[in-house]
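Report on the structure given below.
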Amino acid sequence: MRMSQLFAPTLRENPHEAEVVSHQLLTRAGYIRQIARGIYNYLPLMQRVMKKVEAIVREEMDRAGAQELLMPIMQPADLWIESGRWAVYGKELIRFKDRHDRDCVLGPTHEEVITSTANNGIHSYKQLPVNLYQIQNKYRDEVRPRFGLLRGREFIMKDAYSFHTSQADLEREYDVMAEAYRRIFLRCGLDTRMVQSDSGAIGGAVSHEFMVLTQTHSGEDDVYYCDSCGYAANGERAESILPDATVDGQAIFGTTEQVVDTPDCDDIESLTKCLKMPASLICKALLYIKDETMPFLVFIRGDLEAEEIKVQNAVAANHIRLADADEVAEFAHSAKGYVGVAGWRMCNEELPGFEGRVSLVYRAEHLKEYHLQLPVLLDSSVLNLKNFAMANNEIGKHVVGYNWPHDRASQELLETNTFDLKRARAGDQCPTCLAELNMTRGIEVGNIFQLGTKYSEAMSATYTDEDGTEKHFVMGCYGIGISRTAAAAVERYHDQDGIAWPIPIAPYVVSVVPVNADDQTQWTLAKQLYDDLQAAGVEAVIDDRDERAGVKFKDSELMGFPIRVTVGKKAADGVLEVKLREGGDVKELPAAEVLPYIRSLVEEATDFAKLEARFKAGQPAAAGAAS
RNA sequence: CGGGAUGUAGCGCAGUUUGGUAGCGCACUACGUUCGGGACGUAGGGGUCGCAGGUUCAAAUCCUGUCAUCCCGACCA
């Protein structure tokens with residue numbers, strides 16, 4: 001490609017709306033242009049990067065035995081009603097009506113379509129297993145799109161769905177996909193970590209995410225990992241063992257329960273100051289609302305935070321949120337900072353909406369006129385608290401020296417309603433080996449789920465098994481954010497001057513820069529190299545613009561071409577300069593040696609074994625992260 | 001959805017307080033000089049000041065509404 005013809009509108013300054021590095025650089029270097037909030041044009045350079053990533057994904061998916069197909073973006077609501085997600089998915093799902101007034105959606109994912117397709121096309125166990133994938137645009141009307149391509153409303157995703165006759169076969173395929181993913185990201189030049197994750201709205205039990213670790217602001221997920229055993233999980237899922245803390249308040253409060261004045265203590269910090277005690281001696285009670293209608297309480301130690309995804313899963317909610325001030329008054333007869341059940345009576349009962357989940361209910365029998373009763377979940381951190389502090393809904397007062405009832409029935413009731421609800425912290429202990437847990441930020445570029453029969457049951461998708469009976473497909477699904485992977489690569493590989501693409505996903509590998517386009521010697525030599533590169537299958541640009549050398553260098557660096565060949569003063573002697581974008585190494589070589597050198601660089605960057613060796617140091621065994 | 005901010009040339013911004021002929025830098029066009037790290041000179045082109053109402057002799061500027069974009073929040077009793 002001649003630079004004079006390349007459609008890549010570059011900007012000298014960062015656009016006003018771009019916050020994160022990948023968004024800024026991709027915009028400045030002429031790769032993308034925003035069309036609406038969270039919606040972008042992929043300009044020619046970006047499109048080439050996408051094609052590169054897609055090609056790697058296709059090769060590895062095909063290699064793993066999956067088959068590519070293409071499903072529609074526009075889908076009938078019927079399928080979503082059938083799966084139950086029409087009611088559950090919320091505003092992220094883009095819904096509209098066609099001219100016949102039929103409800104439609106723009107697919108945020110394709111479980112419904114693929115399940116229906118499999119049901120129509122697969123009738124016998126003899127046709128299984130099968131793994132089908134596509135690379136397709138996806139639509140999610142994010143509450144708040146941001147970070148450029150990292151969280152858009154329209155994005156490109158590879159999504160694969162596998163169908164099996166058994167959980168065991170699903171697990172086999174799951175491992176095959178995990179290995180394919182490892183190869184894909186490695187081949188893109190990205191070091192990823194496979195971490196345990198929450199399965200969220202998509203359902204199913206076991207799932208993992210592939211994260212590009214970033215350290216910086218741009219990563220939007222917390223990743224907890226253990227260097228000694230390889231345990232890794234995202235913030236929504238991570239478990240941890242708490243380091244020692246003061247959990248017996250005898251020395252401060254004695255062993256007798258009493259009510260003390262705590263004026264204006266509506267948060268943990270002021271309460272610890274007021275009562276002169278560590279936060280770990282507080283049993284914090286959080287009033288949540290399940291699915292907008294059902295209030296319940298979560299008990300957690302005062303120095304910890306609740307992980308809402310864990311809470312949501314524990315109560316089997318579609319959505320939870322903290323109660324607002326009015327609801328605190330209505331459901332707990334209290335105010336912020338003073339919610340608690342000291343003084344309420346404990347009952348073994350399941351309230352509507354919590355069946356099979358929560359069997360502990362506290363009743364305020366001393367406030368009969370209000371009929372207050374709340375289901376309660378405990379985080380495991382509060383069980384061994386002794387002589388601790390808790391509120392009793394009396395504003396301006398707390399109870400100290402409080403203890404859980406000691407009788408066997410009460411203890412059992414407390415224990416059966418105890419879950420892991422806390423958010424892990426860096427510095428806690430690893431749940432598998434007790435070493436110190438680390439935390440970093442990460443960008444999720446891929447995920448794999450064991451769906452089981454969630455969708456096949458909901459949509460009655462079956463095959464006939466060997467024994468002649470109808471059975472539901474056992475399913476798995478596997479996603480890779482193509483556009484997000486490209487953006488993550490920019491987050492990972494850039495410097496002050498611009499992008500520094502890994503060779504395998506660069507839009508062009510080499511930028512040939514004749515310093516002076518008017519100099520016939522330089523131009524001839526440059527053009528010859530450019531032609532040779534193309535003939536050898538190495539994608540290149542030649543900067544034929546009538547610009548000063550500085551401008552050409554700057555643009556080449558901004559756009560991030562991995563290798564620059566400068567044809568300058570020494571062209572007369574047949575000597576060229578080869579500079580690597582990443583690392584900045586410079587070599588002067590006779591013209592004849594340039595192509596072999598570049599080919600060796602490309603070979604180095606695309607050879608799987610060599611890539612694997614390069615990343616080995618920082619890469620934990622995938623097996624260590626398995627659940 | 002709540003709070004905050006911003007919409008003026010392709011991009012980045014000033015001008016708005018105090019109403020009076022629409023500006024600067026970059027980019028773009030032409031010519032000349034320059035030519036290995038975002039050159040310089042001269043001469044140009046390009047904007048119904050987000051949109052719609054209103055006030056006024058007169059509105060980028062004041063008022064009302066609306067749309068768009070960005071940031072923060074929508075989680076820690």
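All of these numbers come straight from a predicted model, not from anything done at the bench. Residue numbers start from 1 in every chain, and the chains themselves are labelled A, B, ... in the order their sequence lines are given, proteins ahead of strands.
Of the listed nucleotides (B/rA77, B/rC11, B/rC13), B/rC13 has the atom at the smallest distance from the side chain of A/His16. The side chain of A/Glu308 lies closest to B/rC75, out of B/rC75, B/rC76, B/rG12. Picking from B/rC13, B/rC70, B/rA74 the nucleotide with the shortest atom distance to the side chain of A/Val143 gives B/rA74.
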Contacts under 3.5 Å, N or O only, protein and nucleotides 30-38 of chain B:
residue: B/rU34; atom: O2; partner: A/Arg548; partner atom: NH1; Å: 2.8
residue: B/rG36; atom: O6; partner: A/Lys569; partner atom: N; Å: 3.2
residue: B/rG36; atom: N1; partner: A/Glu577; partner atom: OE1; Å: 3.3
residue: B/rG36; atom: N2; partner: A/Glu577; partner atom: OE1; Å: 2.8
residue: B/rG36; atom: N2; partner: A/Glu577; partner atom: OE2; Å: 2.9
residue: B/rG37; atom: O6; partner: A/Arg564; partner atom: NH1; Å: 3.4
residue: B/rG37; atom: O6; partner: A/Arg564; partner atom: NH2; Å: 2.8
residue: B/rG37; atom: O6; partner: A/Lys579; partner atom: NZ; Å: 3.4
residue: B/rG37; atom: N1; partner: A/Glu557; partner atom: OE2; Å: 2.7
residue: B/rG37; atom: N2; partner: A/Glu557; partner atom: OE1; Å: 2.2
residue: B/rG37; atom: N2; partner: A/Glu557; partner atom: OE2; Å: 3.0
residue: B/rG38; atom: O2'; partner: A/Arg12; partner atom: NH1; Å: 2.9
residue: B/rG38; atom: O2'; partner: A/Arg12; partner atom: NH2; Å: 3.0
residue: B/rG38; atom: O6; partner: A/Arg28; partner atom: NH2; Å: 3.4
residue: B/rG38; atom: N1; partner: A/Asp555; partner atom: OD1; Å: 3.4
residue: B/rG38; atom: N2; partner: A/Asp555; partner atom: OD1; Å: 2.9

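Just one residue in the list A/Arg153, A/Arg37, A/Arg151 forms a salt bridge (charged side-chain N to carboxylate O under 4.0 Å, His left out) with A/Glu142, and that residue is A/Arg151. For the side chain to side chain contact (heavy atoms under 4.5 Å, CB included) with A/Cys283, the qualifying choice from A/Val382, A/Asp379, A/Val341 is A/Val382, the only one to do so.
Protein atom CD1 of A/Ile289 is 11 Å distant from nucleotide atom P of B/rC75, rounded to whole Å. As a whole-Å value, the separation of A/Ile35 CD1 from B/rU69 P is 12 Å. Atoms CZ (A/Arg37) and P (B/rG50) sit 20 Å apart, rounded to a whole Å. The CG atom of A/Asp141 sits 11 Å away from the P atom of B/rC1 (whole-angstrom rounding). Atoms NE2 (A/His23) and P (B/rC70) sit 8 Å apart, rounded to a whole Å. Whole-Å rounding puts the A/Glu305 CD to B/rA77 C1' distance at 13 Å.
Base-pair partner of B/rA27: not found among the strands shown (Watson-Crick or G-U wobble, both distances under 3.5 Å). The partner of B/rU55 is absent, by the rule that a Watson-Crick or G-U pair needs both atom distances under 3.5 Å. Using the Watson-Crick or G-U wobble rule with both distances under 3.5 Å, B/rG46 pairs with nothing in any strand shown. Base pairing annotation: B/rA22 forms no Watson-Crick or G-U wobble pair, as no partner gives both donor-acceptor distances under 3.5 Å. With both pairing distances under 3.5 Å, B/rU69 is matched to B/rA5 as a Watson-Crick or G-U wobble pair.
Between A/Arg423 and A/Glu239 there is no salt bridge, since no side-chain nitrogen of the basic residue lies less than 4.0 Å from a carboxylate oxygen of the acidic one. Between A/Lys570 and A/Asp573 there is no salt bridge, since none of the side-chain N atoms of the basic residue sits less than 4.0 Å from a carboxylate O of the acidic one.
For A/Arg146 and B/rC70, the shortest distance from a side-chain N or O to OP1 or OP2 is not below 4.0 Å. Look at A/Lys284 and you'll find a side-chain N or O under 4.0 angstrom from OP1 or OP2 of B/rA77.
Between the A/Ser381 side chain and the A/Arg301 main chain, a donor and an acceptor come within less than 3.5 Å of each other.
Counting any heavy atom pair closer than 4.0 Å across all strands shown, A/Ala323 reaches a base atom. A/Ile300 comes within 4.0 angstrom of no nucleic acid atom, judged by non-hydrogen atoms across all strands.
Both A/Glu13 and A/Ala36 sit near RNA chain B, but only A/Glu13 has its closest nucleotide nearer the 5' end.
For the P atom pair drawn from B/rC26 and B/rG20, the interatomic distance equals 27 Å after rounding to whole Å.
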statement: Once base and sugar-phosphate atoms are separated, protein heavy atoms under 4.0 Å mark nucleotides 40-45 of chain B, 5' to 3', with B, S and - as ------

